[in-house]
Visitor: 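Handing you a structure now.
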Amino acid sequence: MNVLVVGSGGREHAIVTSVAKSPKVDKIYCAPGNAGIAALAQCVPIKAMEFDKLADFAKEHDVDLTIVGMDDPLVGGIVDAFEEKGLRVFGPRKNAAILEGSKAFSKDLMKKYGIPTAQYETFDDYNKALEYLETKAKFPIVLKADGLALGKGVLICENLEEAKAGAKQIMEDKKFGSAGNEMVIEQFLTGREVSVLSFVDGKTIKIMSSAQDHKRAKDGDQGLNTGGMGNFSPTPFYTPEVDKFCKEHIYQKTVDAMAAEGRPFKGVIFFGLMLTDDGPKVLEYNCRFGDPEAQVVLPRMKNDIIDVCEACIDGTLDQVDLQFEDNACVCVVLASDGYPVSYEKGFPIHGLENFEGKDGYYCFHAGTAFNDKGEIVTNGGRVLGITATGKTLQEARANAYRATEWVQFDNKYMRHDIGHAIDEFKG
Ligand code: AMP
Ligand code: GLY
């Protein structure tokens, strides 16, 4: 088989790594890919939003299966564009990717089908939103731009002043562009956040192992929100009781709701859950693998990823016995110092060869490129996801931190407490 993966980050490097393990696969392409992915796949300089060019490439190169990693092309309809040309592609169509693409849609879906989530109101009129904030809001309160906003469209506001300023940014100043044409105002929830990825074939859902992210830039969960500074899988906080509750009240209900709306979902649903005192609630849905969740979940998956993706496309996921290793995995992100605000890039990365032939260790590239001398250099805020497995979370964490020392570049920055939550778990 020839396989095309669409995307360029650590998530796509993890997907390509899983695809490369499949005995069914002859050739892997990745568009646009990065310097690490280039070791396993032929990188193709076509951007993820250039659907026609990508589909033409897939036709010309006899691509049998395309796997889309990123949210923007999925929400924009890449799957529909491929299907129109008779190509097999893994991911939701545009009418199902709206589960991530519109927060107003997903909140209304949860309300209609009784799926637990934070209480909310939606607004397409700025003045009505202000009136609500002035008369009805309880603080802190959460404002969400309806559409995709590079993960930045959620504002947690401590008081009325902050909320009014936030509503202005989203709806009036259009800081997130048309994503702010509508806005959700929602109740602030407290609890521990966990991520659960799943495979879905339109009717059947199979849950992958859980994960837990660290979004803040600095140790002790301080500093600004980032795309994620590291994570681990499984999380002990996702207990059998939580799993049972979510299976009864969240997972299958979501899949059935989408089907009932005439929007059958095929692909990955990523459930962002808050474990509140009141039980688990859905914070958000994503329509794709998480980044860096894929980096800690996929290395633990026993199944051939090609078999699972094909079962999702064919509607035969009920026949797949999805299995994960009884181990743990930790990913520590090596970032450019100054991320997520401003940072230099273009520094040569040394020591990447230390990962060669080391079972259970992965160096997933997120922001890397080749310079004109052919050296691999830093090319983004998040540079590498240093990932290791272990028998336990503690062992995986020690392995991952040991491996962070194998790679060097100027302005290398990381958190030193990834996985600290493990020590707080009192099971
Ligand atoms: P989202 O893009 O919806 O995942 O939101 C980004 C982050 O904002 C989440 O990962 C949470 O940490 C936080 N968040 C979103 N909604 C809420 C909420 N209702 N209460 C508290 N925190 C929230
Ligand atoms: N790790 C969060 C995300 O992929 O959206």
Side-chain angles (χ1 to χ4, degrees), residues 7 9-15 68-72 74-75 97 99-107 110-111 116-122 137-158 163 166 170 176 179-180 183-198 208 210-217 221 223-233 235 268-278 280-298 331 333 340 364 366 382 385 387 418 421:
R11 163 183 50 208
E12 286 75 25
H13 196 180
I15 294 171
V68 184
M70 298 165 72
D71 46 356
D72 280 332
L74 289 167
V75 171
L99 194 59
E100 172 166 3
S102 166
K103 294 197 192 287
F105 171 86
S106 66
K107 295 296 291 188
M110 289 188 265
K111 187 189 265 181
T117 189
Q119 284 171 15
Y120 74 102
E121 298 281 339
T122 40
K138 291 200 189 79
F139 297 94
I141 203 155
V142 185
L143 308 183
K144 299 185 170 184
D146 174 56
L148 292 184
L150 299 170
K152 298 191 174 73
V154 174
L155 306 178
I156 294 171
C157 304
E158 297 296 335
I170 293 175
F176 309 107
M183 184 175 78
V184 173
I185 300 184
E186 126 177 345
Q187 172 199 14
F188 176 75
L189 298 177
T190 52
R192 201 170 283 275
E193 265 185 82
V194 300
S195 304
V196 176
L197 308 185
S198 66
M208 297 182 228
S210 61
Q212 199 171 317
D213 210 354
H214 298 67
K215 290 206 197 264
R216 300 298 196 97
D221 294 321
L224 293 172
N225 246 331
T226 71
M229 294 301 295
N231 61 354
F232 57 92
S233 170
T235 168
V268 169
I269 300 183
F270 165 155
F271 298 85
L273 303 174
M274 183 76 95
L275 308 181
T276 74
D277 290 342
D278 234 11
K281 294 191 200 285
V282 178
L283 278 182
E284 61 156 349
Y285 293 114
N286 296 310
C287 67
R288 35 123 191 130
F289 288 103
D291 189 344
E293 282 79 1
Q295 289 89 313
V296 289
V297 170
L298 287 179
C331 170
V333 169
F364 294 123
R382 290 190 295 172
T387 304
I418 299 302

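Counting starts at 1 for both ligands and their atoms, following the listed order. These figures come from a predicted structure and were not determined experimentally. Along the sequence shown, residues carry numbers from 1.
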Visitor: With no hydrogens and no angle check, do the side chains of Gln295 and Thr387 hold a donor and an acceptor under 3.5 Å apart?
Guide: no
Visitor: Need the ligand 2 atom indices (1-based, order shown) with element for anything under 4.0 Å from a heavy-atom of Gly290.
Guide: 4 (O)
Visitor: Could you identify the single nearest non-hydrogen protein atom to atom 20 (N) of ligand 1 and state the distance to 0.1 Å?
Guide: Leu189 N, 2.8 Å
Visitor: Got the closest protein heavy atom to atom 11 (C) of ligand 1, with its distance?
Guide: Glu193 OE2, 3.2 Å
Visitor: Return the closest protein heavy atom for atom 1 (N) of ligand 2 as residue, atom name and distance.
Guide: Glu293 OE1, 2.7 Å
Visitor: Look at atom 17 (C) of ligand 1 and say which protein heavy atom is nearest, naming residue and atom and giving the distance to 0.1 Å.
Guide: Leu283 CD2, 3.4 Å
Visitor: Quick one: do Glu100 and Leu74 satisfy side chain to side chain contact (heavy atoms under 4.5 Å, CB included)? Show the steps, please.
Guide: CA-CA 9 Å; Glu100 172 166 3; Leu74 289 167; over 6 Å; no
Visitor: With respect to atom 4 (O) of ligand 2, which of Asn286, Asp291, Asn231, Asp213 exhibits the smallest heavy-atom separation?
Guide: Asp291
Visitor: Any heavy-atom pair between the side chains of Arg11 and Arg288 that's under 4.5 Å?
Guide: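 The answer is yes, as the side chains (C-beta and beyond) meet within the 4.5 Å cut-off.
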Visitor: Can you confirm, on distance only, whether ligand 2 has an N/O atom lying under 3.5 Å from any N/O atom belonging to Lys215?
Guide: no
Visitor: Around atom CD of Glu158, are there more than 12 heavy atoms of other residues, nucleotides or ligands at under 6.0 Å?
Guide: yes
Visitor: Under 4.0 Å from a heavy atom of Arg288: which atoms of ligand 2 are those, numbered in the order shown and with their elements?
Guide: 3 (C), 4 (O), 5 (O)
Visitor: For atom 7 (C) of ligand 1, what is the closest protein heavy atom, and at what distance to 0.1 Å?
Guide: Val154 CG1, 4.5 Å
Visitor: For Lys103, counting its heavy atoms only, list the atoms of ligand 1 lying under 4.0 Å from any of them.
Guide: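 Counting from 1, the qualifying ligand atoms are 2 (O), 3 (O).
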Visitor: How many angstroms lie between NE2 in His214 and CD in Glu193, if you round to the nearest 0.5 Å?
Guide: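 That separation rounds to 11.5 Å.
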Visitor: Which of the atoms of ligand 1 are close to Glu186, meaning less than 4.0 Å from one of its heavy atoms?
Guide: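 Close to Glu186: 16 (N), 17 (C), 18 (C), 19 (N).
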Visitor: Would you please test Leu273 and Val282 for side chain to side chain contact (heavy atoms under 4.5 Å, CB included) and show each step?
Guide: CA-CA 5 Å; Leu273 303 174; Val282 178; 4.1 Å; yes
Visitor: Taking the side chain as everything from C-beta on, heavy atoms only, tell me whether Asp71 gets closer than 4.5 Å to Asn286.
Guide: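 When only atoms from C-beta onward are counted, Asn286 and Asp71 do not touch, as no gap falls below 4.5 Å.
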Visitor: Would you say the ring centers of Phe270 and Tyr285 fall short of 6.0 Å from each other?
Guide: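 Aromatic pair excluded; centres sit 6.0 Å or further apart.
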Visitor: Return the closest protein heavy atom for atom 16 (N) of ligand 1 as residue, atom name and distance.
Guide: Lys144 NZ, 3.0 Å
Visitor: What is the closest protein heavy atom to atom 13 (C) of ligand 1, and at what distance does it sit?
Guide: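 Answer for atom 13 (C) of ligand 1: Ile156 CD1, 4.1 Å.
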Visitor: Using the side chain to side chain contact (heavy atoms under 4.5 Å, CB included) rule, take Lys103 and Glu284 through it: C-alpha gap first, then chi angles, then the decisive distance, then the call.
Guide: CA-CA 8 Å; Lys103 294 197 192 287; Glu284 61 156 349; 4.1 Å; yes
Visitor: With a cut-off of 4.0 Å, which atoms of ligand 1 are near a heavy atom of Phe188?
Guide: 20 (N), 21 (C)
